[in-house]
A.B. asks: 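This structure is in C-alpha cells; I'll ask about it shortly.
Sequence lines set the chain letters: A, B, ... in the order given, protein chains first and strands last, and positions in each chain run from 1.
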Amino acid sequence: MTTQWISVTEARKTDSIGRTVQVRGWVRTRRDSKGGFSFIEVNDGSSFGNLQVIADGQLTNYEADVLTLTVGSSVVVEGEIKGSTGQGQVTEMAAKSLRVMGLASATDYPLQKKQHTFEKLREWAHLRPRTNTFGAVTRVRDRLSYATHQFFQGEGFVIVHTPLITASDCEGAGQMFRVTTLPLDKIPMVEGKPDVSKDFFGKSSYLTVSGQLEGEAYACALGKIYTFGPTFRAENSNTSRHLSEFWMIEPEAAFFELIDNMQLAERYLKFMISETLKHCAEDMDFFEKRIQPGLLAALQLVLDKPFVHMSYTEAVEILQKSGEKFDYPVAWGVDLQSEHERYLTEKHVQGPVILYNYPKDIKSFYMRLNDDGKTVAAMDVLVPGVGEIIGGSQREERLDILISRMEAVGLKPEDYWWYLDLRRFGSVPHAGFGLGLERMVQYTTGMANIRDVIPFPRTPGNCDF
RNA sequence: UCCCCUGUAGCUCAGUCGGCAGAGCAGCGGACUGUUAAUCCGCGUGUCGGAGGUUCGAGCCCUCCCGGGGGAGCCA
C-alpha cells in the first residue's frame, strides 16, 4: 500500500499527528544537529510555513543524501507526523525515507538562505516564486482573483470575455501596442504610408487598453457583466505603479447610476479584503511583520468604516484650505496631481476615498455629462500608498450629447457606430469601472513596487522570461 | 519622456586626500546531544558595468554609452 501524499499545509495541522504520510516539496533550509540527525524544512507552496522534517542518522542514505542536501533541492519524504517538541511549529515529520528528486547546486543556485533585494530577485523572476515574499504575494493574488469571481457571481454579474485585439485606435486610454503580421523588413507601402489593407485584419489593429466599450454592449443586454483579463498600455511609464501588461477587472451594469457604481466598488473592495484576511492569514502576518507594519490595522479599518465620498469640487476646496505646501497649485478645472491625491487619502481621510463629479474637460468623452454642464459623473477610488485603484463613471446614454462630446474631443462618431447604436436602440443609464488587479495586490500586501506583484512584469525595455 | 540617485566577490555593502582590492553573509573543511536566519573555528573569492580621457599612478576625477532604483507625467 502506498503512503498518502498530502500537502505541507495539511501536514502542519494538529489533526495530522499520528498519520504516516508523504510530502513533496523543495528544501528551504537544513540544520544539522549535534545528535547526528538533521532538520530539513520543506515547502511545497501550499502555505507560507514549512514542514520541519527530522531526518534521523539511521536513514540508509543519511550520509549520502541528507548531509549533502542543499537549499532549493526537491525531495519526497515519508514519515509519521508528530507533535513538535521545539518552538516555532506545531507538528513535524519523523522521516522514514527521504528521496532526492533534483539537487540544486549550492554554489550555483542563486537563492541563498538570506534576504535578497527585490531588485535582484527580478533578475531571477523564474526562481523568485520560491521565496517567502513571492510565495505569499502569489497566494494573495490568487485569493483576490478568486474573490473577484465569488463577488461578482454572487451579485449576479455575468463574466464576458472581451477581445484583446481591437481595431479601434482611439479607445481613449493612452498609447497602444500595434498588432501586425506585415513583414517589418519589407512593409508594403501605398502613397508613402504602410498599406494596412494588406495587414492580417485588413486594417490597423492593436492590443486592447480596455474592454469597457465591448463590455457596455453586453451590459446593455445581460444587465450586469464583468471582464477579467490582461490589458496593454504602450506608455513609456517608469513608475512603481505602472506596467505595460496588467490585469484589469471591469464590471459594467445597466440601470446603474453613479451612486450604484460607487456602492458596488465599495462592496467589492471590502469583500476582497475580508476574504484575503480570512484565507491568507499566515501570508498577511508576514506582510505585516516584514513588509508594512500597520498593514493589518489599516485594512481592518477599511472594512469597518464606510468609504468617504467627496466631489472633485469639495476636494479642491479641502486642498486649498489645507495649508499644505504643494509643488503644483490646486485649481478647479485642473487634474489633481499625485501629491494632492496622496494628501486626500493618506492625511485627510486616512483610508479609501471616492472622488466624483470631475470637470468634463479632464475626463473621457463617454462619461455622463452632469446637469451643471461642467462636470461628468466620473468616480475614482483612491487608497493610501497606491493612489488610484479604481477609475469609473456613469456612461453617457443620451445619443445627441454623446455625439457632441465626441466631436468636441475630435473623435469621428462614424468610427463608433456600434457604440452609438447602444444609445439608438433601447438606451439605458449604465455605469462601470476598472480595477487594476496589481494595484489591489499592492494595496493588500503593502508591496511597494508593482513589478513585484505580477509573476513576470513587462515594463518599457523589459520583456525577459 | 524629464529630474535625482546608483553600478566593487555568488549576495549585501565599505573603500578616507588619486597610492598594493576588503568586510559580513553564502560556499567549502572542521567542531558541537532538538535546531528555528542554529552557533563556533579555519579557508578561498574580483573584466571595480563598458569605452575613451586626465595623471608617474584611477574603484575614486572628466566625457560618452549601457544597466538598476526613486520621483514626475500618463493611468488601473
A.B. asks: Kindly indicate whether the side chain of A/H242 and the base of B/C75 share any N or O donor-acceptor pair separated by less than 3.5 Å?
C.D. replies: yes

A.B. asks: Can you measure A/Y109 atom OH to B/C11 atom P for me and round it to whole angstrom units?
C.D. replies: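 Atom-to-atom, A/Y109 to B/C11, this comes out as 15 Å.
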
A.B. asks: Give the dot-bracket line for RNA chain B from 5' end to 3' end: parentheses for intra-strand Watson-Crick or G-U pairs under 3.5 Å, square brackets for crossings, | for inter-strand pairing, dots for unpaired.
C.D. replies: (((((((..((((.....[..)))).(((((.......))))).....(((((..]....))))))))))))....

A.B. asks: Going by side chain to side chain contact (heavy atoms under 4.5 Å, CB included), A/T276 matches just one of A/D142, A/T444, A/L299. Which one?
C.D. replies: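 For A/T276, the side chain to side chain contact (heavy atoms under 4.5 Å, CB included) test succeeds with only one of A/D142, A/T444, A/L299, which is A/T444.
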
A.B. asks: Holding to salt bridge (Lys or Arg N to Asp or Glu O under 4.0 Å), I want the full list of residues that pass it with A/E123, two or more places apart in sequence or in another chain.
C.D. replies: A/K120

A.B. asks: Identify whether the distance between the nearest side-chain nitrogen and carboxylate oxygen of A/E282 and A/R12 falls below 4.0 Å.
C.D. replies: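 Judged by the 4.0 Å cut-off on N to carboxylate O distance, A/E282 and A/R12 do form a salt bridge.
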
A.B. asks: Tell me: CD1 of A/I362 to P of B/C75, nearest whole Å?
C.D. replies: 9 Å

A.B. asks: P atom, B/G44 versus B/G22: distance in rounded Å?
C.D. replies: 13 Å

A.B. asks: From B/C74, B/G71, B/U12, pick the nucleotide closest to the side chain of A/E235?
C.D. replies: B/C74

A.B. asks: Is there a side-chain contact between A/T239 and the phosphate of B/G70, meaning an N or O under 4.0 Å from OP1 or OP2?
C.D. replies: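 Answer no for this pair, as no side-chain N or O of A/T239 is under 4.0 Å from OP1 or OP2.
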
A.B. asks: Would you mind reading off the distance between A/Y443 atom OH and B/C75 atom C1', rounded to a whole angstrom?
C.D. replies: 19 Å

A.B. asks: Taking any heavy-atom pair under 4.0 Å as a contact, classify A/N238: base, sugar-phosphate, or nothing.
C.D. replies: base

A.B. asks: Between B/C2 and B/G46, how many Å separate the two P atoms, rounded to a whole number?
C.D. replies: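 Nearest-Å result for B/C2 against B/G46 at atom P: 39 Å.
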
A.B. asks: Which of these nucleotides, B/U1, B/C11, B/C75, is closest to any side-chain atom of A/N236?
C.D. replies: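 The closest nucleotide is B/U1.
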
A.B. asks: Could you state the CZ-P distance from A/R233 to B/C74, rounded to the nearest angstrom?
C.D. replies: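 It works out to 13 Å between those atoms.
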
A.B. asks: How far does CG of A/L264 sit from CZ of A/F151, to the nearest 0.5 angstrom?
C.D. replies: 5.0 Å

A.B. asks: OP1 or OP2 of B/C74 versus the side-chain N and O atoms of A/R241: is any pair under 4.0 Å?
C.D. replies: no

A.B. asks: Applying a 4.0 Å non-hydrogen cut-off, can you work out what A/F232 is touching in the nucleic acid: base, sugar-phosphate, or nothing?
C.D. replies: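 Contact class for A/F232: none.
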
A.B. asks: Would you measure the distance from the C1' atom in B/U12 across to the matching atom in B/C17 and give it in whole Å?
C.D. replies: 27 Å

A.B. asks: Apply the side chain to side chain donor-acceptor pair (under 3.5 Å) test between A/H430 and each candidate in A/E216, A/R395, A/K224, A/E257; give the one that qualifies.
C.D. replies: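 One option only clears the test, and that one is A/E216.
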
A.B. asks: Is the phosphate of B/G69, meaning OP1 or OP2, less than 4.0 Å from a side-chain N or O of A/R122?
C.D. replies: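 Yes, within the criterion.
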
A.B. asks: Measuring from the side chain of A/K120 (C-beta onward, heavy atoms only), which nucleotide among B/A76, B/G70, B/U12 has the closest atom?
C.D. replies: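 Selected nucleotide: B/U12.
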
A.B. asks: Just checking A/Y146: does its OH atom have more than 12 heavy atoms from other residues, nucleotides or ligands closer to it than 6.0 angstrom?
C.D. replies: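 Counting neighbours around OH of A/Y146, 12 or fewer heavy atoms of other residues, nucleotides or ligands fall under 6.0 Å, so no.
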
A.B. asks: If I take atom NE2 in residue A/H340 and atom C1' in nucleotide B/G71, what distance separates them, rounded to the nearest angstrom?
C.D. replies: 15 Å

A.B. asks: Salt bridge or not between A/R128 and A/D452? Use side-chain N to carboxylate O under 4.0 Å.
C.D. replies: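 Result for this pair is yes, salt bridge flagged.
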
A.B. asks: Parallel under 30°, tilted from 30 to 60°, perpendicular over 60°: which one fits the rings of A/Y419 and A/F365?
C.D. replies: perpendicular

A.B. asks: With a non-hydrogen cut-off below 4.0 angstrom, is A/L435 in contact with a base, only sugar-phosphate, or nothing?
C.D. replies: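 Since no nucleic acid heavy atom lies under 4.0 Å of A/L435, the category is nothing.
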
A.B. asks: Over how many whole Å does the gap from A/L121 atom CG to B/G69 atom P extend?
C.D. replies: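 Rounding to the nearest Å, CG of A/L121 and P of B/G69 are 12 Å apart.
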
A.B. asks: Please determine whether any donor N or O and acceptor N or O are separated by less than 3.5 Å between the side chain of A/S237 and the base of B/C74.
C.D. replies: yes

A.B. asks: Given B/C11, B/G71, B/A76, identify the nucleotide with an atom nearest to the side chain of A/H116.
C.D. replies: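 Closest nucleotide among those given: B/C11.
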
A.B. asks: Any side-chain N or O of A/Q175 less than 4.0 Å from the OP1 or OP2 oxygen of B/C74?
C.D. replies: no

A.B. asks: How would you summarise protein contacts on nucleotides 30-51 of chain B per nucleotide, using B for base, S for sugar-phosphate only and - for none, with heavy-atom distances below 4.0 Å?
C.D. replies: --BSBBB-B-------------

A.B. asks: Please give, in whole Å, the distance from B/C75 P to A/E438 CD?
C.D. replies: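 Answer to the nearest Å: 18 Å.
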
A.B. asks: Would you say A/R342 reaches B/A72's phosphate, i.e. side-chain N/O to OP1/OP2 under 4.0 Å?
C.D. replies: yes

A.B. asks: A/I249 CD1 to B/A76 P: how many Å, rounded?
C.D. replies: 13 Å

A.B. asks: Of the nucleotides B/G69, B/A76, B/C11, which one has an atom closest to the side chain of A/W124?
C.D. replies: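 Closest nucleotide to the A/W124 side chain: B/C11.
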
A.B. asks: Hey, do the aromatic rings of A/F152 and A/Y268 have their centres closer than 6.0 Å?
C.D. replies: yes

A.B. asks: Taking all non-hydrogen atoms of both residues into account, name the closest pair between A/I17 and A/K82 and its distance.
C.D. replies: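 Residues A/I17 and A/K82, closest heavy atoms: CG1-C, 4.0 Å.
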
A.B. asks: At under 4.0 Å between heavy atoms, what does A/L243 touch on the DNA or RNA strands: base, sugar-phosphate, or nothing?
C.D. replies: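 Base contact.
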
A.B. asks: Return yes when atom CZ of A/R99 has more than 12 non-hydrogen atoms of other residues, nucleotides or ligands closer than 6.0 Å, and no otherwise.
C.D. replies: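 Atom CZ in A/R99 is not packed in, count stays at 12 or less.
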
A.B. asks: Does A/T117 place a side-chain N or O at less than 4.0 Å from the phosphate oxygens OP1/OP2 of B/U12?
C.D. replies: yes

